[in-house]
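Report on the following structure.
Just so it is clear, the structure is predicted and the values come from calculations on it, not from any experiment. In what follows, chains carry the letters A, B, and so on, assigned in the order in which the sequence lines appear, proteins first and then strands, with residues in each chain numbered from 1.
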There are 2 protein chains.
Amino acid sequence: MPIALSPLQSLKLWHDVHLDLVHQGGDLSSRQIAILLTIYLEPPPHTVRGLARKLNVTKPVVTRALDTIGKLGLVSRRRDEADRRNVVIQRTVAGALAVERLGDMIMARAKELPR
Amino acid sequence: MPIALSPLQSLKLWHDVHLDLVHQGGDLSSRQIAILLTIYLEPPPHTVRGLARKLNVTKPVVTRALDTIGKLGLVSRRRDEADRRNVVIQRTVAGALAVERLGDMIMARAKELPR
DNA sequence: ACTGTTCGTTTCGGAGCCGTAAGTATTCGG
DNA sequence: CCGAATACTTACGGCTCCGAAACGAACAGT
């Protein structure tokens with residue numbers, strides 16, 4: 001059976017998690033979140049143009065987002081030695097941990113929802 | 001029974017919805033989302049200081065967020081005639097519609113999750 | 001080896017949000 | 001009434017992000 005979630009429950013979940021995120025500080029934009037989660041949920045390798053295409057944004061947006069979340073230690077970059085024009089985006093321990101924490105937070109909030 | 005959502009499912013849901021949000025453009029920050037949903041999900045009346053306290057942010061942040069989402073027509077403000085220092089934040093038709101659309105989007109993505 | 005293409009980054013001016021502090025209006029207390 | 005308290009807004013300087021265009025490096029075809 002599919003995951004059953006009413007519109008109202010959906011909104012409350014969204015609200016509660018965003019409240020948690022605001023409380024704990026350290027904001028990322030929607031784009032940055034989308035990029036981060038794509039890197040950690042979809043199979044590698046990830047490149048700048050691949051992410052740009054998937055999100056339907058320009059490449060500079062991806063470059064800058066990677067600058068930001070890279071500075072936070074959540075991802076790293078490496079030249080592709082096979083084709084040195086490419087940059088391969090790699091996961092990091094800190095990033096995996098942060099993503100895991102987010103998943104736990106959402107799950108916990110989902111568990112608390114009124115039904 | 002509670003809403004059952006594994007950490008991985010939670011993350012995929014977060015990812016998918018953020019992808020939708022980025023695609024459709026019109027970004028709001030986490031704070032703005034938290035404020036907007038608080039206004040539409042919790043019982044009125046809502047004031048600047050009430051929202052500031054709940055989100056644990058300063059009042060100017062709330063004022064500016066209201067400026068922004070107000071300019072989008074998603075909320076409106078009115079002086080409280082009983083105590084004219086207060087500003088009461090009111091829901092709008094456009095705002096209710098936008099929130100409803102968000103709820104539907106999240107619900108649809110939840111329904112598609114692998115289980 | 002030249003020419004054109006691909007890939008990622010950098011640069012530019014502009015717009016938005018932040019935190020702190022000051023400012024305006026209204027109400028409360030003695 | 002008049003000073004203190006409350007509620008919200010505005011002002012200021014700083015930081016981040018944006019879109020568009022230009023750029024440098026690496027590759028591909030001929």
Nearest whole angstrom, please: distance from the P of C:dC7 to the CG of A:L51. 13 Å
Report the distance from atom NE2 of B:H46 to atom P of D:dC8, rounded to the nearest whole Å. 13 Å
In chain order, what residues pass the side-chain hydrogen bond (donor to acceptor under 3.5 Å, both in side chains) check against A:D67, with sequence neighbours excluded? A:R77
OP1 or OP2 of D:dC17 under 4.0 Å from side-chain N/O of A:T68: yes
Euclidean distance, atom CG of residue B:N86 to atom C1' of D:dC8 [Å, nearest integer]: 9 Å
A:D67 atom CG is separated from C:dT10 atom C1', nearest whole Å, by 10 Å
Nearest heavy atom decides the nucleotide; on that basis, is A:D27 or A:L66 closer to the 5' end of DNA chain C? A:L66
How many Å lie between CZ on A:R49 and P on C:dG8, as a whole number? 5 Å
For nucleotides 18-30 of chain D, 5' to 3', base contacts (B), sugar-phosphate-only contacts (S) and non-contacts (-) with protein non-hydrogen atoms under 4.0 Å give BBBB----BS---
For A:I106 and A:L13, work out which heavy atoms get closest and say how close. O-CD1, 3.8 Å
Salt bridge or not between A:R84 and A:D80? Use side-chain N to carboxylate O under 4.0 Å. no
Quick one: B:L28 CG to D:dC17 P, roughly how many Å, whole number? 17 Å
Tell me: CG of B:N56 to P of C:dC18, nearest whole Å? 14 Å
For a quick check under 3.5 Å, do A:H46 and A:T38 share a side-chain donor-acceptor pair by atom type? no
Nearest 0.5 Å, please: how far is CG in A:L19 from CD1 in B:I33? 12.5 Å
Can you list, pair by pair, the side-chain donor-acceptor contacts under 3.5 Å of residues 92-100 of chain A, counting residues two or more places apart and other chains?
from: A:T92; atom 1: OG1; to: A:G73; atom 2: O; distance (Å): 2.8
from: A:T92; atom 1: OG1; to: A:L74; atom 2: O; distance (Å): 3.2
from: A:T92; atom 1: OG1; to: A:G95; atom 2: N; distance (Å): 2.9

